[in-house]
Participant: 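Please read through the structure below; I'll follow up with questions.
All residue numbers refer to positions in the sequence shown, counting from 1.
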Amino acid sequence: MSAYLKQTDYVNAYDLARDKKVIEGQAKLSDLPRLKDMILPTEGTVTYRICGMTAKKGWPGAVMELATVVPLVCNRCTKPMDFKIEREVAFRFAKSEEEADSIPIDEDDDTEVIVGSDKFNIADWIEEELILSLPLVPAHEEGCQTDGPEESKDEVQKPNPFAKLKDLKGLRKV
């Protein structure tokens, strides 16, 4: 794993599946432009392994395994947080968008259908799966680290809105 994956690395998706090839290595997170815009600056890497396969039903596909830690900003405390991604995804390669759209969706099957090609960009494929792995709202799992209790400052300064009603109640008895 001495060389990192580049944006110019391609594979024939159908040869990958038919020959049950295995592609593995690392990619720099900073070399994935769409992902780079969604995370904090990092020198981190993603380790990947892609194994070609042909399913029992005869369709070509692959299994991708990804492992990395990406730095995000917690939406609660706005501090940096590490988000661990360990993902394994099975794919089925369709020959066109029309074929992909016509494949029935089986609720029990987690296989994703994508359009393959003879010049399939590996970096784009990995980047897409990493982006899909990110949380919609990043937040620390076990509470946030805050600088101190800032909670009840507003509550102390605000008077109870029902306190005035108590005073009004006393006026009616006159």
Participant: Is E65 reaching over with its side chain to a backbone N or O of R87, donor-acceptor style, under 3.5 angstrom?
Facilitator: no
Participant: Using modelled atom types and a 3.5 Å cut-off, is there a donor and acceptor pairing between side-chain atoms of D9 and backbone atoms of K6?
Facilitator: yes
Participant: Report whether I122 and I131 are members of the same hydrophobic cluster (ILVMFWY, side-chain heavy atoms less than 4.5 Å apart, transitive linking).
Facilitator: yes
Participant: When you group the ILVMFWY residues by side-chain heavy-atom contacts below 4.5 Å and let the links chain together, are I85 and F91 in the same group?
Facilitator: yes
Participant: Could you report the tightest heavy-atom contact between A17 and P60, atom names first, then the distance?
Facilitator: CB-CB, 3.6 Å
Participant: When rounded to the nearest 0.5 angstrom, what is the spacing between CG in D31 and CD in Q26?
Facilitator: 12.0 Å
Participant: Could you see if I39 belongs to whatever hydrophobic cluster contains L132? Use Ile, Leu, Val, Met, Phe, Trp, Tyr and a side-chain cutoff under 4.5 Å.
Facilitator: no
Participant: Check whether V69 and M64 end up in the same hydrophobic cluster, where Ile, Leu, Val, Met, Phe, Trp and Tyr are linked by side-chain heavy atoms less than 4.5 Å apart.
Facilitator: no
Participant: Contact between V46 and V70 at the side-chain level, heavy atoms closer than 4.5 Å - yes or no?
Facilitator: no
Participant: Side-chain heavy atoms nearer than 4.5 Å, only ILVMFWY residues, links allowed to pass through others: does that put I114 and Y48 together?
Facilitator: yes
Participant: Could you tell me which non-hydrogen atom of R34 sits nearest to which non-hydrogen atom of M38, and how far apart they are?
Facilitator: O-CG, 3.4 Å
Participant: Is T68 close to S133 at the side-chain level, that is, under 4.5 Å between some pair of heavy atoms?
Facilitator: no
Participant: Are any non-hydrogen side-chain atoms of P33 and E127 less than 4.5 angstrom apart?
Facilitator: yes
Participant: Quick one: does any side-chain atom of E128 pair with a main-chain N or O of D124 as donor and acceptor, under 3.5 Å?
Facilitator: no
Participant: Looking at the rings of W125 and F120, which for Trp means the six-membered one, are their centres under 6.0 Å apart?
Facilitator: yes
Participant: I'd like to check F93 versus V115 (side-chain heavy atoms, cut-off strictly below 4.5 Å). Are they in contact?
Facilitator: no
Participant: If you measure from CG on L40 to CE on M81, what distance do you get to the nearest 0.5 Å?
Facilitator: 10.0 Å
Participant: Which pair of heavy atoms, one from I103 and one from A94, lies closest together, and at what distance?
Facilitator: CD1-CB, 4.4 Å
Participant: Mind running salt bridge (Lys or Arg N to Asp or Glu O under 4.0 Å) on K28 and E43 for me, showing each step along the way?
Facilitator: CA-CA 7 Å; K28 292 181 181 179; E43 293 300 316; 5.8 Å; no
Participant: Under a 4.5 Å cut-off applied to non-hydrogen side-chain atoms, are P138 and F83 in contact?
Facilitator: no
Participant: Has N12 got a side-chain atom pairing as donor or acceptor with Y14's backbone, closer than 3.5 angstrom?
Facilitator: yes
Participant: Which atom names give the shortest non-hydrogen contact between M53 and K20, and what distance separates them?
Facilitator: CA-CG, 4.3 Å
Participant: For the SG atom of C74 and the CD atom of E141, what is their distance to the nearest 0.5 Å?
Facilitator: 11.0 Å
Participant: Counting only N and O atoms by type, is there a donor-acceptor contact under 3.5 Å from the side chain of T54 to the main-chain atoms of W59?
Facilitator: no
Participant: Give, for atom OG1 of T47 and atom CG of L5, the distance between the pair rounded to the nearest 0.5 Å.
Facilitator: 11.5 Å
Participant: For the residue pair L29 and T45, establish whether any side-chain heavy-atom pair is separated by less than 4.5 Å.
Facilitator: no
Participant: Taking the side chain as everything from C-beta on, heavy atoms only, tell me whether D15 gets closer than 4.5 Å to K21.
Facilitator: yes
Participant: Test side-chain contact (heavy atoms from CB on, under 4.5 Å) on V63 and V89; report intermediate values, then the result.
Facilitator: CA-CA 6 Å; V63 174; V89 188; over 6 Å; no
